[in-house]
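Take a look at the structure below.
We use all heavy atoms of the structure for the numbers below, so side chains are in, but hydrogens, waters and symmetry mates are not.
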Amino acid sequence: MQPVRETTERLPGSPKGLIGLWLLLFVLWLIVNASLALPIVATGAVISFAIAAIFSSRDGLWQQVALTPRAGYHFLAYTGVFFVELVKANISMVRYVYSPRIDIHPGIVKIHMRLKSPIGRLALANSIALTPGSLVMDIRGDALFVHWLDVKTVDPEQATAMIAGPFEKHLGAAFG
């Protein structure tokens with residue numbers, strides 16, 4: 001008789017992960033389309049459900065997201081902070097482009113992530129990459145290596161506060 005081996009089967013995505021991802025994608029659909037016409041709402045509901053079903057069944061990532069009013073508030077606050085940082089970075093880029101003499105000091109800096117959840121870390125890395133003037137080049141453990149167009153400091157703690165600081169508070173509260 002062969003010994004019984006424990007197997008860990010991956011269960012399909014939980015309803016909580018499916019609903020959370022569907023809700024996020026559906027709200028984004030409505031915002032992007034800026035219309036509450038019935039065909040647009042119905043199409044968005046179906047497409048976002050299909051995408052949510054595919055992604056929530058493939059990975060347990062979305063099962064970790066807590067759907068609470070507090071998390072929703074912090075996600076909205078993060079969205080506002082991201083928008084403000086995006087505008088500030090774009091204004092900075094315009095200043096560099098139109099200045100008669102470009103005085104930049106590009107370099108790679110190491111910053112530390114305090115976020116522990118994979119989706120929070122992903123959102124932080126994408127927020128940094130989407131902000132003009134910075135690009136995440138590598139992730140090693142709790143460290144991000146960021147190409148910064150105009151390096152203000154090489155101290156990891158100060159660089160973390162300047163680059164990731166605006167995002168981490170709300171991402172940590174929304175995603176853990």
Side-chain angles (χ1 to χ4, degrees), residues 13-14 16-34 48 51-52 55-56 58-97 103-176:
S14 73
K16 181 178 122 181
L18 174 68
I19 292 169
L21 183 56
W22 173 78
L23 188 60
L24 175 67
L25 293 173
F26 184 59
V27 168
L28 288 174
W29 174 273
L30 294 176
I31 290 169
V32 168
N33 282 287
S48 22
I51 293 170
F55 282 97
S56 68
R58 294 189 72 215
D59 195 345
L61 184 68
W62 286 98
Q63 296 168 11
Q64 301 170 5
V65 177
L67 295 175
T68 63
R70 180 177 181 264
Y73 165 77
H74 282 285
F75 182 75
L76 287 175
Y78 155 73
T79 304
V81 167
F82 176 72
F83 180 74
V84 168
E85 292 299 317
L86 189 64
V87 169
K88 286 173 24 181
N90 277 294
I91 290 170
S92 179
M93 290 299 107
V94 167
R95 193 185 69 215
Y96 291 134
V97 169
D103 186 27
I104 60 172
H105 306 287
I108 298 171
V109 294
K110 177 181 178 180
I111 66 170
H112 300 288
M113 285 188 289
R114 293 174 186 88
L115 301 170
K116 298 300 176 202
S117 76
I119 193 158
R121 295 164 67 105
L122 174 69
L124 177 62
N126 284 336
S127 299
I128 293 169
L130 290 170
T131 306
S134 59
L135 177 68
V136 176
M137 298 184 64
D138 193 14
I139 300 174
R140 291 187 194 156
D142 287 339
L144 289 175
F145 292 88
V146 178
H147 180 274
W148 201 3
L149 185 64
D150 195 10
V151 175
K152 307 286 186 212
T153 180
V154 292
D155 177 50
E157 293 306 316
Q158 289 179 350
T160 300
M162 294 174 82
I163 296 173
F167 307 119
E168 276 191 323
K169 173 187 173 188
H170 296 297
L171 285 175
F175 299 119

Legend entry - Qualifying salt bridge (Lys or Arg N to Asp or Glu O under 4.0 Å) pairs with a residue from residues 73-90, counting only residues at least two apart or across chains: E85-K88
Under the side-chain contact (heavy atoms from CB on, under 4.5 Å) rule, collect the residues that match up with [X], sequence neighbours excluded.
X: P156; value: H112
X: A159; value: V109, I111, W148, T153
X: V97; value: none
X: I139; value: M113, R121, A125, V136, L144

Would you name the heavy atoms of [X] and [Y] that are closest together and state the gap between them?
X: A161; Y: P166; value: O-CD, 3.8 Å
X: A164; Y: L124; value: CB-CD1, 3.9 Å
X: L115; Y: G120; value: CD1-O, 3.3 Å
X: L171; Y: A123; value: CD2-CB, 3.7 Å

With rounding to the nearest 0.5 angstrom, report the [atom1] to [atom2] distance, [X] to [Y].
X: I128; Y: M137; atom1: CD1; atom2: CE; value: 13.5 Å
X: W22; Y: I51; atom1: CH2; atom2: CD1; value: 13.0 Å
X: Y96; Y: D150; atom1: OH; atom2: CG; value: 3.5 Å
X: L21; Y: I119; atom1: CG; atom2: CD1; value: 7.5 Å
X: F26; Y: I31; atom1: CZ; atom2: CD1; value: 11.0 Å
X: L23; Y: I19; atom1: CG; atom2: CD1; value: 9.0 Å

Let me check something: any side-chain donor-acceptor pairs from residues 70-77 under 3.5 Å, sequence neighbours excluded? List them with distances.
from, atom 1, to, atom 2, distance (Å)
H74, ND1, H170, ND1, 3.0

Legend entry - Partner residues of T79 under the side-chain hydrogen bond (donor to acceptor under 3.5 Å, both in side chains) criterion, sequence neighbours left out: none
Inset, instruction - Kindly indicate whether the side chain of L86, heavy atoms from C-beta on, has any atom under 4.5 Å from the side chain of P132. - result: yes
Inset, instruction - Output every pair passing side-chain hydrogen bond (donor to acceptor under 3.5 Å, both in side chains) with a member in residues 125-134, not counting sequence neighbours, ordered by first then second residue. - result: Y78-S127
Legend entry - ring pair (Phe, Tyr, Trp, His ring centres under 6.0 Å) involving F167 - partner list, sequence neighbours excluded: none
Go through the structure and list residues passing salt bridge (charged side-chain N to carboxylate O under 4.0 Å, His left out) with [X], not counting sequence neighbours.
X: D138; answer: R140
X: K169; answer: none
X: K116; answer: D142

